[in-house]
Amino acid sequence: MTDTPIRIVLAKIGFDGHDRGLRMVARILRDAGFEVIYLGLRQTTENVVAVVEQEDADAVGLSMHNAQHLTLAPKMVKSLRSAGLDVPVILGGVVPDQDIAPLLEAGVAVILGPGTSAEDVVRSVREAVTSRS
Amino acid sequence: MKRDSSTPVELFDAAITGHRHAIGRLLSLVEQGGASADAVSALTHEKSGAAMVIGITGPPGSGKSSLLSQLLKEVVAAGFRPAVIAVDPSSPLTGGAILGDRVRIDATDTATFIRSIATRGHSGGLALAVPGAVRVLDAVGFNPIIIETVGVGQVEVDVTASADTTIVVANPGTGDAVQANKAGLLEVADIFVVNKSDLPGSDDARRDLELMLDLSHMTGQEDSTGRRPPIIMANSLEGSGAAELWAAVVEHGEHLVATNQLSARRAKRQLAELRSRVSDALMDALDSELASKHGADIVVALSDRRITPTEASSQIISRVIRTDERPARPRGPQV
């Protein structure tokens with residue numbers, strides 16, 4: 001029996017229609033052997049928590065292009081923790097430099113901005129997952 | 001860490017109280033196979049059997065997930081607590097998968113349990129994982145359990161076709177009456193859906209299916225009770241057809257009970273799982289025998305043409321299946 005693939009939920013939370021980046025990340029992770037549970041646009045944190053539980057996912061990847069990251073990414077972390085789920089939240093999209101420190105402080109595991117290479121995406125997700133197991 | 005150390009028993013105790021993540025963890029154990037999957041089977045086997053199992057299959061992009069989303073609303077409105085097993089293919093090259101069925105399923109109702117399962121490539125894996133997952137969801141109280149698979153690949157078709165009720169989704173413009181009479185997917189349907197019925201050609205698609213069913217009647221290939229699968233026109237954009245589909249599912253369930261076919265179908269399903277399980281174990285034994293020194297010698301002898309293929313296989317079989325003794329370890333040959 002080979003190793004069980006890492007399972008990651010990919011979603012965009014709230015009112016945000018820019019899913020091209022997330023679809024690209026989905027493909028990058030698929031090609032690296034991940035099982036990607038793709039939720040896509042207009043999700044709620046409650047729904048993502050339910051999906052992580054049902055799918056027994058190892059990580060959550062959020063993509064944000066609506067300038068709501070300072071509100072919604074910490075809310076996502078908090079919702080997962082209060083459901084007893086210690087899975088890393090990986091944030092991608094447009095995040096200004098000055099917001100990175102407070103987001104990491106709030107429990108976001110990794111922030112992958114524009115220009116991140118496919119290799120870095122794969123390595124960061126893998127490290128974020130394995131550092132917890 | 002996320003991979004908690006709860007035992008299958010602890011997980012099952014939490015799962016029957018409705019703990020979503022415990023159910024999710026049990027399903028992961030089933031997917032992994034091996035000893036932990038066996039432990040979960042042992043816990044759930046006796047407690048399962050109450051749920052109706054519905055299979056929904058059809059070509060990629062035929063609208064199965066969108067239709068399912070509409071169907072789930074009907075199922076929930078009728079007072080049921082459904083669960084879904086959505087199977088999507090793993091890449092044979094990288095082992096990765098994009099499990100995208102949830103995108104189409106309107107999941108504002110988080111009481112419906114949905115699990116995405118990747119085929120994970122290994123032979124027989126899916127054929128064991130899906131019945132195992134059905135058992136878990138059944139044992140913790142979901143009913144009905146709906147399995148969604150792409151109608152390509154023998155194993156995918158088999159796991160769906162072994163449901164109590166199998167729905168096959170077709171579309172307009174995917175072939176004529178000759179296509180409809182080719183062997184395969186269409187033969188396993190208890191209910192047909194012509195989905196995307198707003199598209200041109202949907203009446204033709206319906207007619208071709210009707211003609212195909214007419215021929216099944218004439219050649220005696222229809223259901224032994226003479227039941228003719230209904231054809232339902234559906235359009236997920238409007239939600240039309242979903243109520244008719246649910247009514248047809250209920251009608252088929254009643255038909256199975258009235259004609260004593262339900263237990264026969266379920267026995268057939270158990271048999272299929274048993275076959276997969278045994279063939280999986282035998283394949284493991286074969287692989288380790290071929291990897292052994294003895295196996296390698298036989299392969300060399302065969303390549304050098306010192307023994308015939310028949311002799312080679314007899315020698316291997318006699319070591320994989322030892323009829324003269326009870327194997328000490330059923331999962332592999334003695335060394």
Side-chain angles (χ1 to χ4, degrees), chain A residues 1-12 19 22-60 80-81 83-89 109 122 125 128-133, chain B residues 1-5 11 14-15 18-37 83-86 88-91 93-122 125 137 280 284:
Chain A
M1 179 75 44
T2 48
D3 288 344
T4 305
I6 294 175
R7 290 167 69 84
I8 183 168
V9 173
L10 294 186
K12 291 186 73 78
D19 63 346
L22 193 65
R23 280 188 276 142
M24 184 161 181
V25 168
R27 179 59 194 270
I28 288 167
L29 292 174
R30 186 206 84 171
D31 289 346
F34 289 70
E35 287 182 0
V36 177
I37 296 122
Y38 189 82
L39 299 183
L41 298 170
R42 292 183 285 280
Q43 300 295 313
T44 62
T45 50
E46 292 78 8
N47 188 39
V48 172
V49 168
V51 171
V52 169
E53 290 180 325
Q54 293 176 2
E55 300 284 357
D56 190 26
D58 304 291
V60 170
L80 288 166
R81 299 298 174 266
L85 299 164
D86 185 22
V87 298
V89 173
V122 172
V125 175
V129 170
T130 50
S131 68
R132 282 164 197 259
S133 51
Chain B
M1 73 176 229
K2 194 206 69 125
R3 295 285 165 212
D4 61 51
S5 51
L11 288 172
H19 191 292
R20 280 189 308 217
H21 194 217
I23 303 169
R25 295 280 302 123
L26 286 173
L27 294 173
S28 295
L29 294 179
V30 166
E31 266 196 284
Q32 280 161 27
S36 47
V84 175
I85 299 169
D88 264 336
S90 298
S91 160
L93 301 177
T94 68
I98 293 184
L99 307 167
D101 292 316
R102 298 191 88 112
V103 175
R104 317 286 168 203
I105 299 174
D106 179 7
T108 43
D109 160 41
T110 49
T112 299
F113 195 102
I114 304 169
R115 176 60 173 236
S116 312
I117 289 185
T119 52
R120 293 198 179 165
H122 52 95
L137 294 166
D280 217 38
D284 282 354

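Naming convention: chains lettered A, B, ... in sequence-line order (proteins, then strands); numbering from 1 in each chain. Since this is a predicted model, take the numbers as computed values, not measurements.
Using a 4.5 Å heavy-atom threshold, the side chains of B:Glu31 and A:Arg7 count as touching. Here the side chains of B:Leu99 and A:Tyr38 are not in contact, with every heavy-atom distance at 4.5 Å or above. Within the 4.5 Å cutoff, no side-chain heavy atoms of A:Gln54 are placed close to those of B:Leu27.
Shown here are the side chain to side chain contact (heavy atoms under 4.5 Å, CB included) partners of A:Val51, two or more places apart in sequence or in another chain: A:Val9, A:Ile37, A:Leu39, A:Asn47, A:Glu55, B:Arg102. Remark: A:Arg81 pairs with no residue by the side chain to side chain donor-acceptor pair (under 3.5 Å) rule, at least two apart or across chains.
Both the backbone and the side chain of B:Ile98 come within contact range of chain A, with heavy atoms under 4.5 Å apart.
For the atom pair CD of A:Glu53 and CZ of B:Arg20, the computed distance is 4.5 Å after rounding to the nearest 0.5 Å. Here the CZ atom belonging to B:Arg115 is positioned 5.5 Å from the CG atom belonging to A:Asp56, to the nearest 0.5 angstrom.
Scanning both residues, B:Ala97 and A:Arg30, for their nearest heavy atoms gives N-CG, 3.5 Å.
Side-chain N or O atoms of B:Ser91 include none that pairs as donor or acceptor with a backbone N or O of A:Asp31 at under 3.5 Å.
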